[in-house]
Amino acid sequence: MIKASEFLLSQNQALLKNFSELQADANHTKPLIQFMKGDPTEFGHEQCKMSQIGYDIVKSEISKSQNHSYCHSTGTQPAKQAVAKHFGHGKNITENDVIITQGVNQGLFYCLLGLCDPGQNILVPELGFPFFDGIAQAYQVEVRKYKLQSDNKWQIDLEDLKSKLDVNTKFLYVINPSNPCGSVFSKEHVQEIINWANQNRVLIVADEIYYGMSFGEFVSFGELADEGPIICLGGMDKMFFTPGWQISWMIFYDKNHYAGEIKQAMFNLCQLLLHANVFVMNSLPQILDQLTIYYARDRMTHFKENHDFLIQELNQIRGLKCIPAQGTFYLAVLIDLDIFQVKNDTEFAKKLLKEENIMLLPLSWNGTEKYQGFRMLTIATKDIYIEMIARLKEFVLRL
């Protein structure tokens, strides 16, 4: 037998172990309520889908013969120009500062390969989308976790961040708005982070796939970019509720040209995986022009109503504590392990699934042991939440 690499075997075993513990029983007496996937289209809510205008634009592009050919590995010129136009923030961004990727994960992968050598390290949030947790090991890059302040809107603990920094640090990874916390940094905090990075000569990689999804103000790292280089990642996935289309982008804000070599390395990397779907890329200019970058932001009322309802109801259940979000469609809920008589949140999720057929994503699966709880989604309809809360109350009564 030809064996797979030890790295992939170890990664697969860890993933399979987690997911094997959360397998729904097809014969359960109660219908499955599933909140695992961060997919805004999961429940088919009217507010969580692309406008018919967007669908019609894509249909019109499908019929054009040039949209069925290969294009430049960094994306089509119209798509890159459209991203530069709408996300330039007055920084003289051009198509030459943009790469179109197949999802933000591809952009994160390029950052790892294009910036890091074995023995170096990257700074990532202790609670956050865990893309780098496994894959960095394959390239012998150390992942150093910095603290977030759960009692201060999940802001970065800059003192702790500084303690993780050394001469081998290649970049600071920030997620704003956050998955799974639902936090949105204030303009002042974004500026604090940029100032810190400039002072310490650290490049920022800002994951902004939830761009604009705030209950209040949202400020992009690109808007405040000044002296030091910043790479912002975004995409259509959440902004237009089209995660299956996998059209995303990387934007290089680098007015002083400190990162020219890095940008060229990223462009070269694009030739490894080629490009995203051409007719969807060429739909992007009209979609951004007609639906605007505020498409998701203008639909946040639905998520806010669910967010407030869930906090009110879940906080009344013994052993649960919600940490209010400032945006996205996520809500972090902490659990009291003693009250639920479990050793960790994975055991809690497994027990809840077995007894009540509710499937939740444990917070510890997002790169932390410190926070034990689950990530709640605010994208469903009210009737689903009412049923879920009733089951949670029954679950607690049996303790």
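The shown structure was predicted, so the numbers you read here are calculated from the model rather than taken from an experiment.
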Next item on the list: Output the distance between atom NZ (K370) and atom OG (S150), rounded to the nearest 0.5 Å.
Entry: 6.0 Å

Item checked: Check: H275 main-chain N/O paired with Q102 side-chain donor or acceptor under 3.5 Å -> yes

Next item on the list: Report yes if the side chains of L360 and M376 come closer than 4.5 Å at any heavy-atom pair, otherwise no.
Entry: yes

Notebook entry, point to check: Any idea which heavy atoms bring M213 and P177 closest together, and the distance?
Noted result: O-CG, 4.1 Å

Checklist line | Centroid separation Y173 to F131 less than 6.0 Å | finding: no

Check: Can R398 and E355 be counted as an ion pair, charged N to O under 4.0 angstrom?
Finding: yes

Checklist line | Residues N179 and R375: side-chain donor-acceptor under 3.5 angstrom | finding: yes

Notebook entry, point to check: Looking at side-chain heavy atoms only, is the closest gap between L172 and Y146 below 4.5 Å?
Noted result: yes

Item checked: Heavy-atom neighbours of Y55 OH exceed 12 at 6.0 Å -> yes

Margin query: Set out, in order, the CA-CA distance, both residues' side-chain angles and the distance that settles salt bridge (Lys or Arg N to Asp or Glu O under 4.0 Å) for K64 and E61, then state yes or no.
Written below: CA-CA 6 Å; K64 299 176 182 178; E61 292 297 324; 3.0 Å; yes

Next item on the list: For this output row, return yes or no: ring centroids of F252 and Y258 closer than 6.0 angstrom.
Entry: no

Next item on the list: Provide the closest heavy-atom pair for S60 versus I57 in the form atom of the first, atom of the second, distance.
Entry: OG-O, 2.6 Å

Next item on the list: Apply side chain to side chain contact (heavy atoms under 4.5 Å, CB included) to the pair W154 and I175, showing each step before the final yes or no.
Entry: CA-CA 11 Å; W154 298 106; I175 309 172; over 6 Å; no

Notebook entry, point to check: Looking at CG of D345 and OH of Y371, how far apart are the two atoms once the value is rounded to the nearest 0.5 Å?
Noted result: 13.5 Å

Notebook entry, point to check: Does any N or O in the side chain of N198 come within less than 3.5 Å of the main-chain N or O of G228, such that one atom is a donor and the other an acceptor?
Noted result: yes

Notebook entry, point to check: Distance from D338 atom CG to I335 atom CD1, nearest 0.5 Å?
Noted result: 10.5 Å

Item checked: Same apolar cluster: V280 and L274, side chain cutoff 4.5 Å -> no

Notebook entry, point to check: How about Q34 and E42: does a side-chain donor come under 3.5 Å of a side-chain acceptor?
Noted result: yes

Next item on the list: Quick one: do L363 and L334 satisfy side chain to side chain contact (heavy atoms under 4.5 Å, CB included)? Show the steps, please.
Entry: CA-CA 8 Å; L363 281 182; L334 304 182; 3.8 Å; yes

Notebook entry, point to check: Is it the case that N195 and Q191 place a side-chain donor and acceptor less than 3.5 Å from each other?
Noted result: yes

Notebook entry, point to check: CG/L158 to NZ/K162 distance, rounded to the nearest 0.5 angstrom?
Noted result: 10.5 Å

Next item on the list: Answer yes or no: are there more than 12 heavy-atom neighbours, outside K263 itself, under 6.0 Å from its atom NZ?
Entry: yes

Check: How are the rings of F241 and F303 set to each other: parallel, tilted or perpendicular (split at 30° and 60°)?
Finding: tilted

Check: Has N92 got more than 12 heavy atoms of other residues, nucleotides or ligands less than 6.0 Å from its CG?
Finding: no

Check: Could you give the distance from CG (L352) to CD1 (I358), rounded to the nearest 0.5 Å?
Finding: 4.5 Å

Notebook entry, point to check: Would you say the side-chain atoms of E227 and N256 include a donor-acceptor pair closer than 3.5 Å?
Noted result: yes

Notebook entry, point to check: Side chain of Q137, backbone of D133: donor and acceptor closer than 3.5 Å?
Noted result: yes

Next item on the list: Tell me whether M281 is reachable from Y70 by hopping between hydrophobic residues (I, L, V, M, F, W, Y) whose side-chain heavy atoms are closer than 4.5 Å.
Entry: no

Notebook entry, point to check: When you measure from the side chain of E387 to the backbone N and O of D383, does any donor-acceptor pair fall under 3.5 Å?
Noted result: no

Item checked: Derivation of the side chain to side chain contact (heavy atoms under 4.5 Å, CB included) call for C111 and M250 -> CA-CA 10 Å; C111 288; M250 305 175 69; 3.9 Å; yes

Next item on the list: May I ask you to decide if the ring planes of Y330 and Y210 are parallel, tilted or perpendicular, using 30° and 60° as cut-offs?
Entry: perpendicular

Notebook entry, point to check: Where does the angle between the aromatic ring planes of Y211 and H89 fall among parallel (under 30°), tilted (30 to 60°) and perpendicular (over 60°)?
Noted result: parallel

Margin query: Could you walk me through whether D97 and K255 satisfy the salt bridge (Lys or Arg N to Asp or Glu O under 4.0 Å) test, starting with their C-alpha distance in whole Å, then the side-chain angles of each, then the deciding distance to 0.1 Å, before giving a yes or no?
Written below: CA-CA 11 Å; D97 301 307; K255 75 171 187 178; over 6 Å; no

Note to self: For Q52, is the CD atom crowded, meaning more than 12 foreign heavy atoms sit under 6.0 Å from it?
What the structure shows: yes

Notebook entry, point to check: Near K354 NZ, under 6.0 Å, is it more than 12 heavy atoms from other residues, nucleotides or ligands?
Noted result: no

Next item on the list: Report whether L272 and L115 are members of the same hydrophobic cluster (ILVMFWY, side-chain heavy atoms less than 4.5 Å apart, transitive linking).
Entry: yes

Note to self: Show the nearest heavy-atom pair for residues P40 and K238, with the distance to one decimal.
What the structure shows: CD-CD, 4.0 Å

Check: Of all heavy-atom pairs between L288 and V83, which one has the smallest distance, and what is that distance?
Finding: CD1-N, 4.4 Å

Item checked: W249 side chain reached by F87 side chain, heavy atoms, under 4.5 Å -> yes

Item checked: CA sep, side-chain torsions, deciding dist, call: N176, V184, side chain to side chain contact (heavy atoms under 4.5 Å, CB included) -> CA-CA 6 Å; N176 183 54; V184 181; 4.2 Å; yes

Next item on the list: Determine yes or no for a side-chain-to-main-chain donor-acceptor pair under 3.5 angstrom, with N168 supplying the side chain and Q120 the backbone.
Entry: no

Item checked: Within 45° cone of F309 ring axis and under 6.0 Å: K382 NZ or CZ -> yes

Checklist line | Exceeds 12 heavy-atom contacts within 6.0 angstrom, atom NZ of K321 | finding: no

Item checked: Atom CD of Q140: over 12 foreign heavy atoms under 6.0 Å -> no

Next item on the list: Kindly compute the distance separating CD (Q47) from CD (E305), expressed to the nearest 0.5 Å.
Entry: 9.0 Å

Next item on the list: Output yes when a side-chain donor or acceptor of T378 lies under 3.5 Å from a complementary backbone atom of N306, and no otherwise.
Entry: no

Checklist line | Salt-bridge present (K30, D25; N to O < 4.0 Å) | finding: no

Next item on the list: Using a strict 4.0 Å threshold on nitrogen-to-oxygen distance, state whether E347 and K350 make a salt bridge.
Entry: no

Check: Which heavy atom in V278 sits nearest to a heavy atom in T76, and how many Å separate them?
Finding: CG1-CG2, 4.0 Å

Margin query: Would the distance check show the side chain of K145 and the main-chain N or O of T368 forming a donor-acceptor pair, the cut-off being under 3.5 Å?
Written below: no

Note to self: Give me the atom names and distance for the closest heavy-atom approach of L148 to P125.
What the structure shows: CD1-CB, 4.0 Å

Item checked: Side-chain donor/acceptor of H189 to backbone N/O of Q155, under 3.5 Å -> no

Next item on the list: Please work out which of the three classes, parallel, tilted or perpendicular, describes the rings of Y295 and F240, given edges at 30° and 60°.
Entry: tilted

Note to self: Quick check on the 6.0 Å ring-centre criterion: do F171 and F132 meet it?
What the structure shows: yes

Margin query: Donor-acceptor pair, distance only, cut-off 3.5 Å: does the side chain of H86 make one with the backbone of P285?
Written below: no

Check: Quick one: does N67's side chain have a donor or acceptor within less than 3.5 Å of a partner on F279's backbone?
Finding: no

